[in-house]
Amino acid sequence: SFFLIAYAGRETRKQRFINQSLNQQIETYIAQGQFDHCKKLLESVDNVLGRALNAGIKQLEKDPQKAENSLIDRLDAEENRIGQWIHYLNVVASVAPMIGLLGTVSGMISASQTIGRGGMGRPELLAGDIGEALVTTATGLTIGIPAMIAYFILRNRLNTLMLQTAQIGSELLAIPL
């Protein structure tokens, strides 16, 4: 889960979505109708806005409405590509405590069997089984809790960045030609 947290954290950095310094240059190219220069610039940029705008710019000369639709479609694809890693964190956060619970049940079954064989007069016989139950529970929670916290933080970061990126992209495509 720590790999997923690190990877999703890297993928949801603001630099991976928007490059403010290029927005002015893109705006100038669009306003002047220099779509070829704009396409070349966008092809050299490796961020979500650049890839999404590149899809929209190809349609802008022909049909501004199709340009907006292309932008939105590409942003949806980008969100799904990045979001899949964040959703895996949700799976880990949900499953890890269940695996811990399974170990708890297994330890308690063993403890019950030990009581059946040796009676209640020797509590030291139960220590290993109870220890197994506690260790598996703690392990499941130790994995699940950070994964759940990271899931909510990263999901909210992705949503915020996608909204900002969509807004900037729409504004750039709406520049009067």
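- Residue pairs meeting the ring pair (Phe, Tyr, Trp, His ring centres under 6.0 Å) criterion with at least one partner in residues 37-64, sequence neighbours excluded, are Tyr29-His37.
- A distance of 11.5 Å separates CG of Leu173 from CD of Glu27, quoted to the nearest 0.5 Å.
- To the nearest 0.5 Å, the span separating CD1 on Ile18 from CD on Gln167 amounts to 9.0 Å.
- Leu134 and Leu101 fall into different hydrophobic clusters, where Ile, Leu, Val, Met, Phe, Trp and Tyr residues are linked whenever their side-chain heavy atoms come under 4.5 Å apart, directly or through other members.
- Taking each heavy atom of Ala147 and Ser1 in turn, the nearest pair found is CB-CB, 4.4 Å.
- Listed by chain and residue number, nothing satisfies the side chain to side chain donor-acceptor pair (under 3.5 Å) test with Gln113 (two or more places apart in sequence, or in another chain).
- With hydrogens and angles left out, the side-chain atoms of Glu132 and Ser110 include no donor and acceptor closer than 3.5 Å.
- Taking CG from Leu141 and OG1 from Thr136, the interatomic distance works out to 9.5 Å, rounded to the nearest 0.5 Å.
- For Ser170, the side chain to side chain contact (heavy atoms under 4.5 Å, CB included) criterion is met by Glu68, Leu71, not counting sequence neighbours.
- Two residues are said to be in side-chain contact when any heavy atoms from C-beta on lie closer than 4.5 Å; Leu75 and Thr165 meet this criterion.
- No continuous path of hydrophobic side-chain contacts links Ile72 to Ile26 [ILVMFWY only; heavy atoms under 4.5 Å].
- Residue pairs meeting the side-chain hydrogen bond (donor to acceptor under 3.5 Å, both in side chains) criterion with at least one member in residues 15-24, sequence neighbours excluded, are Glu11-Arg16, Asn19-Ser21, Gln20-Asn23.
- Every residue was checked against the side chain to side chain donor-acceptor pair (under 3.5 Å) condition with Asn47, not counting sequence neighbours, and none meets it.
- The hydrophobic cluster around Val135 extends to none of the other residues, as no ILVMFWY side-chain heavy atom falls under 4.5 Å of it.
- Contact detail for Ala96 and Gly144: the closest heavy-atom pair is CB-N, 3.8 Å.
- With rounding to the nearest 0.5 angstrom, the SG atom of Cys38 is 8.0 Å from the CG atom of Asn54.
- Across Ser44 and Leu41, no two heavy atoms sit closer than the pair OG-O, 2.6 Å.
- Sorted by first and then second residue, the side-chain hydrogen bond (donor to acceptor under 3.5 Å, both in side chains) pairs with a member in residues 81-105 read Glu78-Arg81, Thr104-Thr137; sequence neighbours excluded.
- Apart from Ile99 itself, the hydrophobic cluster it occupies contains Val91, Val95, where clustering links Ile, Leu, Val, Met, Phe, Trp and Tyr at side-chain heavy-atom distances under 4.5 Å.
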Name the atoms and distances for all side-chain donor-acceptor pairs under 3.5 Å in residues 150-163, with sequence neighbours left out.
{"unit_1": "Asn156", "atom_1": "ND2", "unit_2": "Phe152", "atom_2": "O", "d": "3.2"}
{"unit_1": "Arg157", "atom_1": "NH1", "unit_2": "Gly9", "atom_2": "O", "d": "3.2"}
{"unit_1": "Arg157", "atom_1": "NH1", "unit_2": "Thr12", "atom_2": "OG1", "d": "3.1"}
{"unit_1": "Asn159", "atom_1": "ND2", "unit_2": "Arg155", "atom_2": "O", "d": "3.4"}
{"unit_1": "Thr160", "atom_1": "OG1", "unit_2": "Asn156", "atom_2": "O", "d": "3.0"}

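- Under the 4.5 angstrom side-chain criterion for Ile, Leu, Val, Met, Phe, Trp and Tyr, Met108 has no cluster partners at all.
- Heavy-atom minimum distance, Ser70 versus Gln59: OG-CG, 3.3 Å.
- Val92 places none of its side-chain heavy atoms less than 4.5 Å from the side chain of Met148.
- Phe35 is connected to Val45 through a chain of hydrophobic side-chain contacts under 4.5 Å among Ile, Leu, Val, Met, Phe, Trp and Tyr, so both are in one cluster.
- With hydrogens and angles disregarded, a donor-acceptor distance shorter than 3.5 Å links the side chain of Arg13 to the backbone of Arg10.
- Following chains of ILVMFWY side-chain contacts shorter than 4.5 Å, one can reach Phe2 starting from Leu4, so the two form part of one hydrophobic cluster.
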Inset, instruction - Could you please spell out the steps behind the side chain to side chain contact (heavy atoms under 4.5 Å, CB included) verdict for Leu49 and Leu42? - result: CA-CA 9 Å; Leu49 180 61; Leu42 290 172; over 6 Å; no
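- Considering only heavy atoms from C-beta on, Ile30 comes within 4.5 Å of Ile57 through its side chain.
- By the side chain to side chain contact (heavy atoms under 4.5 Å, CB included) test, Ala111 is found to be paired with Leu126, Asp129, residues two or more places apart in sequence or in another chain being considered.
- Using a 4.5 Å cut-off on side-chain heavy atoms (C-beta onward), Ile143 and Pro146 make no contact.
- Residues forming a side chain to side chain contact (heavy atoms under 4.5 Å, CB included) with Lys40 (at least two apart in sequence, or on another chain): none.
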